[in-house]
Amino acid sequence: MKFGVIGAGQMGAGIAQVAAQSGFTVVLRDMEDRFLERGRQVIERSLAKLSEKGKLDGTPEEVLGRMTFTTDLAAFADCDLVVEAIVENEGVKAQLFRDLGGIVKPEGILASNTSSIPITSLATASGRPERFIGMHFMNPVPLMQLVEVIRGYSTSDDTAAFVESTARKMGKTPLSCNDFPGFVSNRILMPMLNEAIQCVMEGVAEPEAIDGIMKLGMNHPMGPLTLADFIGLDTCLAIMEVLHRGLGDDKYRPSPLLRKMVQAGLLGRKSGRGFYTY
Ligand SMILES: CC(=O)CC(=O)SCCNC(=O)CCNC(=O)[C@H](O)C(C)(C)COP(=O)(O)OP(=O)(O)OC[C@H]1O[C@@H](n2cnc3c(N)ncnc32)[C@H](O)[C@@H]1OP(=O)(O)O
Ligand SMILES: NC(=O)C1=CN([C@@H]2O[C@H](COP(=O)(O)OP(=O)(O)OC[C@H]3O[C@@H](n4cnc5c(N)ncnc54)[C@H](OP(=O)(O)O)[C@@H]3O)[C@@H](O)[C@H]2O)C=CC1
């Protein structure tokens, strides 16, 4: 199978890596060579770590040998499945799917790794709504078990079955849900992270104490502010906006502190500073 991934950021690089680990031929695209190079380095580090621990089938070189890095969308023409993992912005994603709809062979399936944006509207933009689906991997992709599979209004049974079987071949567990803002994962997770940010803003406690309380008290592997920094505060804000707009309830209002930090360019781990400094 030829597996396409668009966006070589933290999610796209992880999805491409795990697809190649699973034996698929992979093409990974970003807009500029320097972003592809950054993605390749992340993949090389992750493969080295997995290999060191005996958790990799074959060598890192064999896995990398199944991957091609490109800036050219035409390289996706013969892909059986293309997963998009670019910025969490509906207009930008819709334009990409309009383009892809005219490039990828008609029987190819298009999927979005979006955290929250309506699958049905991206499916319409693609011009092939029956062969369009949400394939939502979790961060960090090489370590997390879940793929949340989101069916759009017109997604066919064959498309859902193909994507679920592909997720299993990648060593993941697919779980399905319908197309509602934030799906299941982020409808439940993101309000908790937003509330932790609101606690910082209101001076309820210092970030370290908030994270410590949730880690030690609730056995969460990461505190909510560490996790928000890990996901990216720009992505967290984009998801909260979709929940707020899409569900029309002020309980999903993004914390003003979250908004201000994104305006200040404090995006978390990827920009070097968020609630913590990296
Ligand atoms: C926003 C959305 O739309 C959806 C989302 O994804 S929401 C986010 C979902 N993800 C989470 O909630 C993650 C929560 N965090 C965790 O589960 C854990 O902290 C974790 C699995 C990320 C890390 O595990 P941990 O037990 O905390 O230990 P940590 O020491 O950091 O890492 C474990 C090992 O994995 C390695 N590791 C981390 N990332 C890796 C990667 N990408 N590839 C390979 N190895 C990796 C680490 O280097 C470490 O190796 P050593 O044991 O040799 O030091
Ligand atoms: N972060 C997370 O924990 C998770 C995120 N997701 C979702 O995955 C997707 C990607 O997130 P993530 O990998 O974290 O984000 P990153 O910021 O790490 O990467 C985003 C990617 O999108 C590209 N991009 C940015 N702007 C544009 C544009 N205008 N046109 C085309 N490409 C663009 C970036 O390229 P460049 O480097 O050139 O800017 C980069 O490759 C989002 O939809 C997000 O919601 C899903 C699960 C978890």
Side-chain angles (χ1 to χ4, degrees), residues 1-30 35-53 55-58 60 62-64 66-69 79 81-88 93 109-117 119 133-150 163-177 182-186 189-190 193 221-222 226-232 234-236 238-239 267-270:
M1 173 162 94
K2 187 164 174 191
F3 194 115
V5 181
I6 303 192
Q10 51 180 344
M11 293 306 292
I15 296 165
Q17 174 191 330
V18 175
Q21 280 174 234
S22 317
F24 301 138
T25 302
V26 177
V27 54
L28 175 59
R29 188 252 187 187
D30 210 308
F35 302 129
L36 288 169
E37 189 45 41
R38 183 191 57 195
R40 182 202 286 270
Q41 283 171 13
V42 169
I43 293 169
E44 283 174 354
R45 276 198 298 276
S46 175
L47 289 173
K49 193 92 198 168
L50 295 172
S51 176
E52 212 176 276
K53 293 183 178 171
K55 290 186 177 165
L56 192 66
D57 285 339
E62 281 165 354
V63 176
L64 281 165
R66 288 193 279 275
M67 303 183 74
T68 311
F69 297 80
C79 281
L81 172 65
V82 179
V83 181
E84 163 280 315
I86 66 168
V87 63
E88 186 73 348
K93 284 188 194 288
I109 291 175
L110 303 182
S112 177
N113 183 56
T114 178
S115 297
S116 59
I117 292 167
I119 295 302
I133 197 160
M135 192 176 188
H136 185 203
F137 290 83
M138 300 293 126
N139 189 9
V141 182
L143 303 187
M144 301 297 282
Q145 191 63 41
L146 175 69
V147 174
E148 191 177 36
V149 175
I150 306 107
V163 161
E164 284 171 16
S165 136
T166 302
R168 281 196 199 90
K169 287 180 188 156
M170 294 171 80
K172 306 296 183 195
T173 303
L175 290 173
S176 297
C177 66
F183 321 130
V184 171
S185 54
N186 282 315
L189 173 69
M190 211 43 74
L193 304 194
M222 283 177 171
T226 303
L227 184 54
D229 271 359
F230 181 60
I231 291 168
D234 52 342
T235 301
C236 293
I239 297 168
L267 306 183
R269 198 180 278 260
K270 67 181 161 189

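A 4.5 Å side-chain heavy-atom check between Leu50 and Gln21 finds at least one atom pair inside the cut-off. Leu110 has its side chain out of reach of Glu84: every pair of non-hydrogen atoms, C-beta onward, lies at least 4.5 Å apart. Here the side chains of Leu64 and Met67 are in contact, with some heavy-atom distance below 4.5 Å. Looking at heavy atoms from C-beta onward, Met135 lies in side-chain contact with Leu81 at the 4.5 angstrom threshold. At a threshold of 4.5 Å between non-hydrogen side-chain atoms, the residues Glu88 and Lys93 count as touching. Side chains of Thr235 and Lys270 form a contact here, defined as non-hydrogen atoms less than 4.5 Å apart. Residues Arg168 and Pro174 are in side-chain contact: their nearest non-hydrogen atoms beyond the backbone lie under 4.5 Å apart. Considering only heavy atoms from C-beta on, Val26 stays 4.5 Å or farther from Arg66 through its side chain.
Under the 3.5 Å distance criterion, the side-chain polar atoms of Asn186 are left unmatched by any main-chain donor or acceptor of Ser116. At least one donor-acceptor pair under 3.5 Å links the side chain of Gln10 to the backbone N or O of Ile231. In this structure, Lys172 contributes its side chain and Met144 its backbone to a donor-acceptor pair below 3.5 Å. Not one N or O on the side chain of Ser46 forms a donor-acceptor pair closer than 3.5 Å with the backbone of Val42. Here the side chain of Gln17 pairs no donor or acceptor atom with the backbone of Pro142 at under 3.5 angstrom. Remark: the backbone N or O of Ile150 is not paired with any side-chain donor or acceptor of Glu148 at under 3.5 angstrom. Asp234 contributes no side-chain N or O that, together with a main-chain N or O of Leu267, makes up a donor-acceptor pair within less than 3.5 Å. Remark: side-chain polar atoms of Gln145 are paired, donor with acceptor, to backbone N or O of Gly171 under 3.5 angstrom. Looking at Asp30, its side chain never comes within 3.5 Å of a backbone N or O of Phe35 through a donor-acceptor pair.
Note that CD1 of Ile133 and CD of Glu164 are 7.0 Å apart. Values are rounded to the nearest 0.5 Å. We find the SG-CD1 distance between Cys177 and Ile119 to be 9.0 Å, quoted to the nearest 0.5 Å.
Note: Phe3 and Phe24 have parallel aromatic rings, judged against thresholds of 30 and 60 degrees for the angle between ring planes.
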